[in-house]
Amino acid sequence: MPGSARPFLRNCELAVAARTDVAFQQCIAPACGATFSVDEVLTSCPSCGNLLDVTYDWDRLRPPTSFEVFERKWMRRSDPLAYSGVWRFHELFPFAPRESVVTIGEGQTLLSVSDGVGGFVGMKPGRLHLQYEGLNPSGSFKDNGMSAAFTHARMIGAKRAACASTGNTSASLAVYCAVTRLMRGIIFIGSGKISYGKLSQALDYGALTIQIAGDFDDAMARVKEVSGKLGIYLVNSVNPFRLEGQKSIMFRVLESLGWEVPDWIVVPGGNLGNSSAFGKAFAELRKIGLIDRVPRLAVINAAGADTLYELYHKRGLRWEGGRADLSPACHYYDELDRDKKRADTIASAIEINRPVNLNKCLRALEVCDGVVREVTEQEILDAKAQVGAGGFGCEPASAASVAGAKQLVAEGVIGRDERVVCILTGHQLKDPTATVAYHTTDQKLFNEVLGSRGVSRASFANRSVSVGNRLDEIVQAIELYG
Ligand SMILES: *Cc1c(COP(=O)(O)O)cnc(C)c1O
Ligand SMILES: [Zn+2]
């Protein structure tokens with residue numbers, strides 16, 4: 001209901017004066033900087049085509065002057081907005097009034113120290129932290145953003161929502177549709193790439209699932225076209241409201257660290273929405289005076305989908321306060337097309353050629369003095385096995401963060417006693433095929449799923465033991481291996 005007058009509700013602690021008077025959409029290109037109302041549905045700047053931010057007039061908003069406001073909400077667990085790990089931080093992305101907020105209890109996630117994984121990475125005890133976003137309702141961090149996108153969609157009265165997805169965005173969209181019944185969910189996936197764990201969620205939750213002959217980048221291009229044509233609300237991370245919700249991952253990290261800023265945040269990079277949201281979160285917290293320094297940011301690509309690594313690390317592409325000539329990215333995409341190079345990695349959630357948030361991520365890397373690395377399939381799977389052995393469990397894409405941290409420690413870029421947070425973006429059960437193939441004794445399965453990708457060994461395999469259906473054999477196996 002664009003523009004309609006809604007009763008204005010006050011939060012007990014603060015005036016969350018939401019929306020059009022204090023929040024707006026703004027083009028990220030400083031040379032353009034065009035602004036638009038938060039009542040508009042846009043996925044890029046109508047004047048220049050760059051990405052849009054949700055921006056706030058912090059001076060008028062009077063944001064919290066200490067983190068205590070958020071801590072006090074833990075006493076109000078019966079309030080859905082205080083219970084949500086996203087909306088507990090509503091004052092830090094106040095684009096919607098309280099009564100528009102859509103929450104299904106997302107963001108109940110944990111930051112844990114893992115000395116097991118820390119040892120593997122090369123860190124001293126107590127220094128490596130894992131932010132386990134697999135605990136979200138649909139099993140990935142995407143719910144942080146979906147909750148915010150649905151809130152915006154509800155504000156403007158959308159009836160249908162769509163996304164292109166490697167699996168997790170669709171699972172998230174589908175669960176929000178199923179729980180809230182606010183919109184019909186329409187999902188575009190590339191053919192043959194999606195893991196069964198994720199596909200099963202979209203089907204089970206009842207979303208319309210359209211499998212197109214092409215990869216993620218094709219699906220993305222199509223869904224943009226279709227949603228423009230049919231007026232369907234797009235929930236991919238080009239939606240600036242989604243990234244507002246994803247900022248809360250960093251707020252929870254800080255909360256878990258007693259509001260101390262860690263030295264490093266390490267995150268896998270696919271469409272680069274998360275890394276962009278993290279950079280924005282820290283820039284804003286610093287601006288409003290809640291923190292005085294920002295962590296460094298490491299974004300990790302899979303070697304089979306390494307656009308950011310190629311552009312940032314190898315070709316030296318930088319944001320330069322928004323003044324940089326970003327045409328090398330277009331040239332690189334032309335090269336990819338010319339060479340018919342397609343992203344290919346077991347880490348399907350980051351199997352992306354043309355990251356839609358590239359420009360925002362370059363900005364985040366500037367804010368957080370960032371680095372970019374790429375990791376091989378072998379490194380990803382070994383790291384994933386270590387995350388599992390540490391009692392967490394994640395899908396392959398998530399393990400890229402741990403594999404990347406290990407590489408950066410080996411290089412001496414990350415110090416062994418620095419405080420590091422690796423984001424585990426998705427749950428272990430999202431992609432059981434990769435896990436079983438890694439631990440299997442079945443050479444054929446191993447070759448099919450992993451060998452074909454250049455994985456030569458399963459260094460941390462926990463192999464099952466086959467025995468006959470006989471008591472003595474079973475007893476012998478337990479005594480031998482137990
Ligand atoms: C979406 C996703 C990513 C990639 O995140 P971006 O924000 O697109 O960079 C990484 N891991 C998992 C599990 C995901 O679902
Ligand atoms: Zn613009």
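Atoms within each ligand, like the ligands themselves, are counted from 1 in listed order.
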Any side-chain donor-acceptor pair under 3.5 Å between [X] and [Y]?
X: T345; Y: E351; result: no
X: Q26; Y: T35; result: no
X: S237; Y: N357; result: yes

Next item on the list: Mind checking whether K430 contacts ligand 1 via backbone (N, CA, C, O), side chain (CB onward), both or neither, at a 4.0 Å heavy-atom cut-off?
Entry: neither
Heavy-atom distance under 4.5 Å between the side chains of [X] and [Y], does that happen here?
X: H427; Y: Y132; result: yes
X: E106; Y: Y176; result: yes
X: R242; Y: L234; result: no
X: K384; Y: F460; result: no
X: F241; Y: T151; result: no

Close-contact set for ligand 1 against [X] heavy atoms, below 4.0 Å:
X: N271; answer: 6 (P), 8 (O), 9 (O)
X: G426; answer: 13 (C)
X: G270; answer: 4 (C), 6 (P), 8 (O), 9 (O)
X: E395; answer: 13 (C)
X: A397; answer: 11 (N)
X: N274; answer: 7 (O)
X: G269; answer: 9 (O)
X: G273; answer: 6 (P), 7 (O), 9 (O)

Who's the nearest protein heavy-atom neighbour of [atom], and how far?
atom: atom 5 (O) of ligand 1; value: F141 CZ, 3.5 Å
atom: atom 14 (C) of ligand 1; value: K142 NZ, 2.9 Å
atom: atom 11 (N) of ligand 1; value: T425 OG1, 2.8 Å
atom: atom 6 (P) of ligand 1; value: L272 N, 3.5 Å

Check: Relative to the Zn ion (ligand 2), how many protein N, O or S atoms have a separation of less than 2.8 Å?
Finding: 4
Item checked: Test applied, side chain to side chain contact (heavy atoms under 4.5 Å, CB included); reference residue, K198; option that passes from S170, S348, S138, S165 -> S348
Next item on the list: Look at the rings of Y233 and H152 and say which category their plane angle falls in: under 30° parallel, 30 to 60° tilted, over 60° perpendicular.
Entry: tilted
Note to self: Students often mix this up, so state it plainly: with edges at 30° and 60°, are the rings of W58 and Y56 parallel, tilted or perpendicular?
What the structure shows: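 Because their plane-to-plane angle lies in the 30° to 60° range, the rings of W58 and Y56 count as tilted.
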Item checked: Shortest reach to atom 10 (C) of ligand 1 by a heavy atom, considering only I350, L308, L243, N301 ->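 Considering heavy atoms of I350, L308, L243, N301, the nearest to atom 10 (C) of ligand 1 sits in I350.
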Notebook entry, point to check: Does R318 count as lying over the ring of Y312, i.e. NZ or CZ under 6.0 Å from the six-ring centre, within 45 degrees of the axis?
Noted result: yes
Item checked: F251 and F70 aromatic centres sub-6.0 Å -> no
